[in-house]
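By convention here, the first residue in the shown sequence is residue 1.
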Amino acid sequence: QVHLVESGGGLVQPGGSLRLSCAVSGRFFSIDVMGWYRQAPGKERELVATITTGGTTNYADSMKGRFTISRDNAKNMVYLEMNNLKPEDTSVYYCNAEVQYSRYAAYVKVWGQGTLVTVSS
């Protein structure tokens with residue numbers, strides 16, 4: 001069983017910054033793409049950013065230039081640096097990882113439980 005645990009959420013003023021972290025624990029063979037998604041009240045979950053094992057990144061258009069995703073493969077961690085935060089960034093942020101439990105198994109998506117980010121003055 002693999003677990004993803006997010007941390008770093010909280011209350012921040014507009015224009016402020018936060019850094020989210022996500023730790024992967026448990027037994028697995030490998031991790032492929034990792035990412036961050038978010039879900040605001042009453043809205044569907046949406047992509048924030050993803051990053052491959054090799055460091056190739058992909059961002060939602062509204063996050064480009066403000067958010068930076070990174071990962072530490074040795075530590076099985078993924079991070080999201082968020083700058084110039086806006087009230088519309090208020091959401092629960094979820095970490096996601098594509099996990100392979102054994103050498104020849106298919107990759108499965110595993111989700112964390114989320115961390116709340118509130119942007120408000």
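Annotation: ring pair (Phe, Tyr, Trp, His ring centres under 6.0 Å) contacts involving residues 77-107, sequence neighbours excluded, are absent. The stretch residues 1-29 participates, sequence neighbours left out, in no ring pair (Phe, Tyr, Trp, His ring centres under 6.0 Å) pair at all. Listed by first and then second residue, the salt bridge (charged side-chain N to carboxylate O under 4.0 Å, His left out) pairs involving residues 52-62 are Asp61-Lys64 (not counting sequence neighbours). For residues 15-35, the salt bridge (charged side-chain N to carboxylate O under 4.0 Å, His left out) pairs, not counting sequence neighbours, are Arg19-Glu81. Under the salt bridge (charged side-chain N to carboxylate O under 4.0 Å, His left out) criterion, no residue pair touches residues 1-16, with sequence neighbours excluded. The disulfide (SG to SG under 2.5 Å) pairs that include a residue from residues 82-121 are Cys22-Cys95, where partners are two or more places apart or lie in different chains.
With sequence neighbours left out, Asn84 forms a side-chain hydrogen bond (donor to acceptor under 3.5 Å, both in side chains) with no residue at all. The salt bridge (Lys or Arg N to Asp or Glu O under 4.0 Å) test applied to Lys109 returns no partner, not counting sequence neighbours. With sequence neighbours excluded, the residues satisfying side chain to side chain contact (heavy atoms under 4.5 Å, CB included) with Ser7 are Ser21. Listed by chain and residue number, Glu46, Asp89 satisfy the salt bridge (Lys or Arg N to Asp or Glu O under 4.0 Å) test with Arg38 (two or more places apart in sequence, or in another chain). Under the side-chain hydrogen bond (donor to acceptor under 3.5 Å, both in side chains) criterion, Asn83 pairs with Ser17, sequence neighbours left out. Taking Tyr37 as the reference, Trp111 meet the ring pair (Phe, Tyr, Trp, His ring centres under 6.0 Å) condition, with sequence neighbours excluded.
Contact check for Val117 versus Thr90: no side-chain heavy atoms found under the 4.5 Å cut-off. Two residues are said to be in side-chain contact when any heavy atoms from C-beta on lie closer than 4.5 Å; Thr53 and Ile31 fail this criterion. Inter-residue side-chain proximity for Leu20 and Met82 is flagged as met; some heavy-atom pair is nearer than 4.5 Å. Two residues are said to be in side-chain contact when any heavy atoms from C-beta on lie closer than 4.5 Å; Thr50 and Thr57 fail this criterion.
Residues Leu4 and Val33 do not share a hydrophobic cluster, clusters being chains of Ile/Leu/Val/Met/Phe/Trp/Tyr side chains in contact below 4.5 Å. Note on Ile51 and Met77: separate hydrophobic clusters, where clusters join Ile, Leu, Val, Met, Phe, Trp and Tyr whose side-chain heavy atoms are under 4.5 Å apart, directly or indirectly. Both Tyr59 and Leu18 are members of a single hydrophobic cluster when ILVMFWY side chains are connected at heavy-atom separations under 4.5 Å.
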Apply side-chain contact (heavy atoms from CB on, under 4.5 Å) to the pair Val48 and Phe67, showing each step before the final yes or no.
CA-CA 8 Å; Val48 175; Phe67 292 6; 3.6 Å; yes
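Atom CD of Glu88 sits in a crowded spot, with more than 12 heavy atoms from other residues, nucleotides or ligands closer than 6.0 Å.
Rounding to the nearest 0.5 Å gives a distance of 11.0 Å between CZ of Arg45 and OG of Ser91.
A donor and an acceptor atom, one from each side chain of Ser30 and Gln100, are located under 3.5 Å apart.
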